[in-house]
2 protein chains.
Amino acid sequence: MAEGPTINTIAERAGVSIASVSRVLNGLPTRQETVRKVLAAAEELGYVRNAVARSLKSRRTNQVAFAMADIGNPVYLAMVRQIQPVLKAAGYRLVLHSTDAIVADEIDVLHSLGERYVDGLIMSPLRVTDEHLKTIATARAPVVIIGSVPDGTRVDNVRADSRTGVRLAIDHLHGLGRRRIGFLNGPLDTVPGAARAAAYREALKERGLPYDEGIVEVGDFYRAEGARAARALLDRAAGVDALMCANDLIALGALDVLRAAGLRVPEDVAVVGMDDTDLAAASWPSLTSVSLGSAERGKAAAELLLDRLNDMDREPRLVTVPPVLVVRASTAGEGAERRPVSAGQALSAGGEASTPRAGSLRRTTGPGPDRESTGEAAVTAVPVQAAPQPKGGTP
Amino acid sequence: MAEGPTINTIAERAGVSIASVSRVLNGLPTRQETVRKVLAAAEELGYVRNAVARSLKSRRTNQVAFAMADIGNPVYLAMVRQIQPVLKAAGYRLVLHSTDAIVADEIDVLHSLGERYVDGLIMSPLRVTDEHLKTIATARAPVVIIGSVPDGTRVDNVRADSRTGVRLAIDHLHGLGRRRIGFLNGPLDTVPGAARAAAYREALKERGLPYDEGIVEVGDFYRAEGARAARALLDRAAGVDALMCANDLIALGALDVLRAAGLRVPEDVAVVGMDDTDLAAASWPSLTSVSLGSAERGKAAAELLLDRLNDMDREPRLVTVPPVLVVRASTAGEGAERRPVSAGQALSAGGEASTPRAGSLRRTTGPGPDRESTGEAAVTAVPVQAAPQPKGGTP
DNA sequence: TTGTACGCGTTATCAG
DNA sequence: CTGATAACGCGTACAA
């Protein structure tokens, strides 16, 4: 907690100029003798470079921020596990913000970009307001948004495709002979909530199933809310033979309720979650879930940001990560895990199956299909290998 | 992404001096007319204060960091949920670091304190090396350590009491008639791992049970490792009627294995976890767990840090949070949750039960019991109310 | 009340 | 190869 020595202190001590000290500390060509003296002095004094002063001059902090809606959601965990190493390898330190999806806090973080504490930001907002868009547009450091933003927004963007994801799930359930497929969704005023609601209706229609408001329940994206919603739905509607859940947490809540109600999963009610978090594989019964590629999205976002940091003037890019259905016991019966079903395979049209090149992004020919007007390059992310869990655990 | 305007830009635009701009921006007494002009110019130009430059001068950043070993462990989540609001209320922004318990990274974060990017740091290291201690001692900003450090270390410190915690659990199991109590621990070279190993032996001894290496297994603090360890233990040793687990994740892994092995919980094998994370309440069967007061520790740490920020010269303080046993279905049978058992009640000696004063710290008389030599004030934290989950959820 | 000038700790430029 | 010195953007004595 002592007053820290500066390069001036060192310069005095070593009997050289501050310029020489700076040179030595930055590894610039210097006479051996000088190097020795400076390093010795620095060591003795316990010198630590003042990064604030350095940043004032260099306009760089070598820090990057990731602002997530809720640190408690495993989805973000998966993202962090991918973002961290990519950025670290490039010499950046990652700092995390948990905004609790409070718009004011997110705007605050965005604003803090202007304060120059970080060189860039990856953000995953639940709701995208006009204020978000305005602040992003005038932000003084590069921003990458994970999640859908309105078409035409000039910002690097990584998207999931929950529309296709929901369809994969519904098709799967339909294929199992389920016809009364209930839907447990999150808030409709969030981007994913709205998207999944629309996708559900659409998917039912495609399969010739009627849309019945009576078997749809809207709550929050949490386990407890999922349980509440499931209970409400079961109390109200009879004969539901499947539950499509807008994320894994909701699905886990539903499993709790079904178990308590004495209903067998999947015999009586099949359950599908979304996000394919660690919890899905670990639950009982294990949970069939639509992976929206959290890991891939995190990795893509980090790479997008690095890329941007190296070229501030390039056109904004859009990366879309395709969903993958992972079938587990909650729909498949005896706990046997079947092979994942990718979007390409599952869709009737068989829209050109992707040929993954591990660890990189595959650029499609020309601008993205839904962004033609903006002239942005669109790319599709391919699967990354799972991030290893760190050693250690808890205090 | 434009080049940001500075107070100079504003000064020109408003036709005043930079000093006036600074005064207005900091709310110092200024003529109305000047205020108006400056604010107008600032608004037009979209001015954002350069916090880096400000910090260079003021030596404050209004940012505080929390470095956790693993962002994926719910224990840290509980801490963050408490730390965040306390710091926010005091005007600090919280930034999070996930070190993956890599010593080099933790040292790096500690070092970054010297870099002046944050005004203070709360850290929860899994292992405490000499390098940690050395770096902490010379750190240029206040540090609060969550977790045990060697006695005599001059640093604000918040501790759990896992020794008593383990005893609560063993006593509970013993009281249920269990006599072959296996132990699934984390790495012995971590502080909590070592403490819990010792506590386990001690607690058995107190109850007159033999220590049998054959029913002890050491792994990592993760679910998958917990499962592996449980499997190994069950393969090797027969007749185990209870499993004490060093944390909840390990316990969940054990539950998976027991279930797969067709063993009933708690009839055949009772299971106790540690940390009392959200997962404990949500698992099936729900998990009896020893709460080590993650939330309380987080809150106490935040308050300790704020306190220190306001008085850099005060003596280091030690806060110890007492453990609480939370009994659930994994030991109690039919899912009925019994009342929590606090340390005071459970111990035979009945060491003066605490009288909680909500939301504050209760100071014990004089120096802490195991710190008498250092002359530090010791306090005991009391329960805080659970932090509410934020609205929203996942993209 | 307002403006000038200096310092915070670094890096970078330019003579020597 | 080295040493003075000018920024970087802001806060603030001190002078006007």
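It should be emphasised that the depicted structure is a prediction, and the values quoted were computed from it without experimental measurement.
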Expressed in angstrom and rounded to an integer, what is the separation of [X] atom [atom1] from [N] atom [atom2]?
X      : N      : atom1 : atom2 : answer
A/R59  : D/dC10 : CZ    : C1'   : 13 Å
B/R140 : C/dG9  : CZ    : P     : 12 Å
A/L56  : D/dC10 : CG    : P     : 9 Å
B/R60  : C/dC8  : CZ    : C1'   : 16 Å

query = Just how large is the angle between the end axes of the helix from C/dT1-D/dA16 to C/dG16-D/dC1, five pairs per end, to 10 degrees?
reply =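 Between the first-five-pair axis and the last-five-pair axis there is 50°.
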
query = What one-letter contact string describes nucleotides 10-16 of chain C from 5' to 3', where B marks a base within less than 4.0 Å of any protein heavy atom, S marks contact via sugar-phosphate atoms alone, and - marks no contact?
reply = BBB----

ask   = Between D/dC1 and A/T34, is there an OP1 or OP2 to side-chain N/O distance shorter than 4.0 Å?
value =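 A/T34 to D/dC1 OP1/OP2: no side-chain N or O under 4.0 Å.
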
ask   = Would you say C/dT1 has OP1 or OP2 under 4.0 Å from some side-chain N or O of B/T30?
value =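 No.
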
inquiry  = Using every non-hydrogen atom in the two residues, find where B/A65 and B/L94 come nearest and quote the distance to one decimal.
reply    =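 The answer is C-CD1, 4.2 Å.
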
query = Nearest heavy-atom pair of B/Y47 and B/P5: which atoms, and what distance?
reply =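 Residues B/Y47 and B/P5, closest heavy atoms: CD1-O, 3.4 Å.
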
ask   = Is the CD atom of B/E44 crowded by more than 12 outside heavy atoms at less than 6.0 Å?
value =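 Yes, the 6.0 Å shell around CD holds more than 12 heavy atoms from other groups.
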
ask   = At under 4.0 Å between heavy atoms, what does A/S55 touch on the DNA or RNA strands: base, sugar-phosphate, or nothing?
value =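 Nothing: the residue A/S55, judged by heavy atoms under 4.0 Å, touches no strand.
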
inquiry  = Under 4.0 Å, counting only non-hydrogen atoms across every strand here, what does B/V16 touch: a base, just sugar-phosphate, or nothing?
reply    =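 Sugar-phosphate: the residue B/V16, judged by heavy atoms under 4.0 Å, touches backbone atoms but no base.
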
[X] [atom1] to [Y] [atom2] distance, which is reported to the nearest 0.5 Å:
X     : Y      : atom1 : atom2 : answer
A/R49 : A/R54  : CZ    : CZ    : 3.5 Å
B/L56 : A/L56  : CG    : CG    : 5.5 Å
A/N50 : B/R116 : CG    : CZ    : 6.5 Å
A/I10 : A/N8   : CD1   : CG    : 9.5 Å

ask   = Excluding sequence neighbours, so at least two apart, what forms side-chain contact (heavy atoms from CB on, under 4.5 Å) with A/V48?
value =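 A/V48 satisfies side-chain contact (heavy atoms from CB on, under 4.5 Å) with B/H111, B/E115, B/R140 once adjacent residues are dropped.
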
query = Should the pair A/Y117 and B/Y117 be assigned to parallel (<30°), tilted (30 to 60°) or perpendicular (>60°) ring geometry?
reply =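 Perpendicular: the ring planes of A/Y117 and B/Y117 meet at over 60°.
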
